[in-house]
Amino acid sequence: MRVTDVEVAGFRSLGSVTAKLEDYTTLLGRNDSGKSSFLRALQLLFDPAESPVDSDYCRVDNYDGDCYVGATLTGYPPDADLAPDGSVRIRRHLHPTSRWEYWGRVPAHNTLKVMKAGTLLRMAYTNDHTLDKPVRNLVETVIAGTPGKVAPETWKQVYASLVAAELVDMEDGWCALDGAVIGGLVEVVMLQADARAGEELKGPRSVLERVGGMLVRAAIAGEASWVKAQETLRQEIARIAGRNAKGEYCIAQLNELEAAFRDEIKSFDSAVSVDSHLVPPDVPNLAFRYQVGVSDEWVNGVEKMGHGMQRSVVFAMLRTHRRIRRVPVTEAVEAAIPPLYLFLMEEPELYLHPQAERSVRGQLQGLSLHPDAQVVLCTHSAAFVDLNCYKGIVRFERPDRRLTLLHSWTGDDLPADEKNTLNTTYWFDPNRAAMLFADRVILVEGATEKVTVPHLAERLGLPTDGVEMVDCGGNGNIPLFQRVLEEFKVPYVAWLDSKEKHEVERARAARSQELGRIVLTNRNWEHMTGLRAGGDKTFRSWQHFVQQGNDPNTPTEQCICVAYARKDFEPPKDDDKHQQRGRRRA
């Protein structure tokens, strides 16, 4: 099972956004652009224990629309009610009241919708005179002997009888959904960037104990004696919470409690009617927890150790989840529908050194490969962004601190050769993904321009903050990187050798007028700068311009200035005389 399409409306800075999630999804963008809000919205949708607060409602631009978060879950076994085609659409309204809904075949009559959910009030049923007589007759035969409030399970049984008798007209629409059902579909683990060590490592809401508890519940789910004990407990709860034909509980003290409370209310106001009932506990949600103690020769307790060790313990539990969940525990566990384990993470790079970042990224991607696990993270580190998984990248932008905009891959799949190029270039320069974090990008052919141009730009006093120089590994690869930047709406300049006529035309065809600019050198780098050809041109360029401090000639300076100003540029046809003069100086 997987969460695919997500829609958020009226939540913090997310006025109305949609995103597609992959097995491994990275959210990137500047601080306060809405990434953490998106993760929080997912947590609220799938975790019934989490409650929205008033500040979650969007007030940007005087927003006055709905406040909700919705998603589609695919890969669910076909269910005539919840998932007729194997997919489930759910949403949670967050303001002004919190409630869950699902999309499917629902009763056309509103009272029957409420009855189906088990939340119908007897008074509301009694006062609804629009129900057909056959419907009302069947309902009365069931609830006539049940005075007072009708239990939710009874209403659900009545609704099932109406469906069986073909007395319910159906339509497509939203219908109420019990939050407990959500907990059975998805188990959420949230790793927050601002959480203290104690919050991550200890307590019923901590990452460590929640993931450990998941594994414990999965391990014992098929234990015969445990299954039998749960069934016995369910039967006992049903016996205690149920009423007989006279509407009485089987335990005398419960009847005394109800009668005494009713009398107390009547003594205050005799015109008030009282409808009370016992709410039975939900048996499956027994809170198993899993605590871990870590110590060494000098320190006893992981909470007293460094932040890096604390995070390492959390990631060790995630690796354990991946390792244990690979193998079915028992046949009984496999027969049940396993929940989706949704891992939401804010800045997993915190407290990690560079090698640990790469290691953790590999672990998280490995975790996401499990059929019952999915990872969504927001990050400021290029180490956690995989350009090969371009469909799993979502870029957040919040212009002028107003409503958030989301940019993700919407085009066709890359052909095999271009996918291979992205994969190959990653191993030569793993930080190429940093271009998706930049305000502006300059795409260049190779290392010579990448190491030299930024130094010359600083010497020329050009604004270089937020500019990322990307070595594309050849002029022929520049259009591929253009396409990536176009998809994620990142402004850029494609810097190419003008002698590469075919590649220049490809770059022009790939760019949009909104985002892309083309800067052409006069023939190539050596010709434009006046450096002599031959040898290691990257080192010679570095030596000439950086170590020796030589100023760029006029054509080189002109190209650099227009590139950092993000303008189109093509060298004049009579520029050769400038090249000769620059070559003599070199």
Side-chain angles (χ1 to χ4, degrees), residues 421 424-425 427-429 431-432 434-435 440-464 467-482 492-508 511 516-586:
T421 298
T424 303
T425 56
W427 295 108
F428 284 93
D429 184 0
N431 289 321
R432 279 188 173 90
M435 67 183 185
R440 290 171 293 151
V441 174
I442 300 178
L443 302 173
V444 295
E445 172 194 5
T448 302
E449 294 86 349
K450 179 177 180 179
V451 301
T452 307
V453 170
H455 289 278
L456 293 178
E458 289 186 5
R459 191 184 304 170
L460 293 170
L462 300 175
T464 58
V467 180
E468 184 73 16
M469 188 76 58
V470 177
D471 169 7
C472 298
N475 280 297
N477 291 332
I478 287 179
L480 169 59
F481 286 87
Q482 285 180 259
Y492 67 89
V493 171
W495 174 304
L496 300 98
D497 296 344
S498 61
K499 72 175 184 179
E500 304 287 349
K501 303 296 184 184
H502 176 67
E503 305 304 344
V504 170
E505 291 307 311
R506 288 181 60 218
R508 283 174 171 158
R511 68 93 170 257
R517 300 292 182 267
I518 305 292
V519 169
L520 302 181
T521 67
N522 190 296
R523 295 181 59 187
N524 56 27
W525 176 261
E526 295 98 319
H527 187 82
M528 179 183 71
T529 59
L531 292 173
R532 293 186 177 89
D536 186 344
K537 75 170 183 177
T538 301
F539 176 74
R540 287 189 297 105
S541 183
W542 173 269
Q543 186 180 51
H544 179 76
F545 289 112
V546 180
Q547 289 186 325
Q548 297 176 3
N550 291 304
D551 291 329
N553 58 17
T554 300
T556 304
E557 179 178 337
Q558 191 173 25
C559 267
I560 294 173
C561 288
V562 294
Y564 276 81
R566 212 171 69 83
K567 296 180 180 179
D568 289 313
F569 177 76
E570 188 170 345
K573 299 298 182 183
D574 61 345
D575 210 27
D576 283 347
K577 59 184 180 181
H578 297 290
Q579 314 305 323
Q580 296 298 330
R581 198 177 304 127
R583 190 175 293 112
R584 285 194 294 272
R585 286 201 302 270

key: Rounded distance [0.5 Å steps], CZ in R440 versus CZ in R517   = 12.0 Å
remark   = Scanning both residues in full, the closest heavy-atom pair of N522 with P572 reads ND2-O, 4.0 Å
query = Shortest non-hydrogen contact from V504 to D497?
reply = CG2-O, 3.7 Å
message = With a 4.5 Å cut-off on side-chain heavy atoms, are R532 and E526 touching?
response = no
ask   = Hey, does the side chain of N431 reach the backbone of A434 with a donor-acceptor pair shorter than 3.5 angstrom?
value = no
Point-to-point distance, once rounded to the nearest 0.5 Å, from NZ of K450 to CD of E468 = 6.5 Å
message = If I compare all heavy atoms of G446 with all of D471, which pair ends up nearest, and what's the gap?
response = CA-OD1, 3.1 Å
query = Step by step, would you call L531 with F545 a side chain to side chain contact (heavy atoms under 4.5 Å, CB included)?
reply = CA-CA 10 Å; L531 292 173; F545 289 112; 4.2 Å; yes
query = When rounded to the nearest 0.5 angstrom, what is the spacing between NE2 in H544 and OG1 in T529?
reply = 7.0 Å
note = On a heavy-atom basis, the closest approach of P479 and A507 is CG-N, 4.1 Å
inquiry  = Quick check: closest heavy atoms across A494 and I478, and the distance to 0.1 Å?
reply    = CB-CG2, 3.8 Å
Side chains of S541 and T452, donor plus acceptor under 3.5 Å = yes
message = Would V444 and V453 count as a side chain to side chain contact (heavy atoms under 4.5 Å, CB included) here? Give the steps.
response = CA-CA 10 Å; V444 295; V453 170; 5.6 Å; no
query = Rounded to the nearest 0.5 Å, how far does CZ of R508 lie from CD of Q482?
reply = 11.0 Å
task = State, with a plain yes or no, whether a side-chain heavy atom of P463 is found less than 4.5 Å away from one of Y564.
result = no
ask   = Would you say the side-chain atoms of R459 pair up with the backbone N or O of P552, donor to acceptor, closer than 3.5 Å?
value = no
task = Would you sort out whether T521 and H527 count as a side chain to side chain contact (heavy atoms under 4.5 Å, CB included), showing the intermediate values?
result = CA-CA 9 Å; T521 67; H527 187 82; over 6 Å; no
remark   = d(R523 CZ, K499 NZ) to nearest 0.5 Å is 7.0 Å
ask   = Are the side chain of R566 and the backbone N or O of V493 linked by a donor-acceptor pair below 3.5 Å?
value = no
inquiry  = So which atom in G476 and which in R506 form the shortest heavy-atom distance, rounded to 0.1 Å?
reply    = O-NH1, 3.1 Å
query = How would you list, by chain and number, every residue that makes a side-chain hydrogen bond (donor to acceptor under 3.5 Å, both in side chains) with R511, sequence neighbours excluded?
reply = D568
task = For side chain to side chain contact (heavy atoms under 4.5 Å, CB included), just list the numbers for L460 and E557, CA-CA rounded to whole Å, side-chain angles, deciding distance to a tenth of an Å, and then say yes or no.
result = CA-CA 8 Å; L460 293 170; E557 179 178 337; 3.8 Å; yes
ask   = Between E458 and T464, is there a donor-acceptor pair closer than 3.5 Å when you use the side chain of the first and the backbone of the second?
value = no
query = Any donor and acceptor pair, going by atom type alone, linking the side chain of N553 with main-chain N or O of M528 inside 3.5 Å?
reply = yes
request  = Assign the ring pair W495 / W525 to parallel, tilted or perpendicular, where the plane angle (0 to 90°) is split at 30° and 60°.
outcome  = tilted
ask   = What is the distance from atom OH of Y492 to atom CE of M435, rounded to the nearest 0.5 Å?
value = 11.0 Å
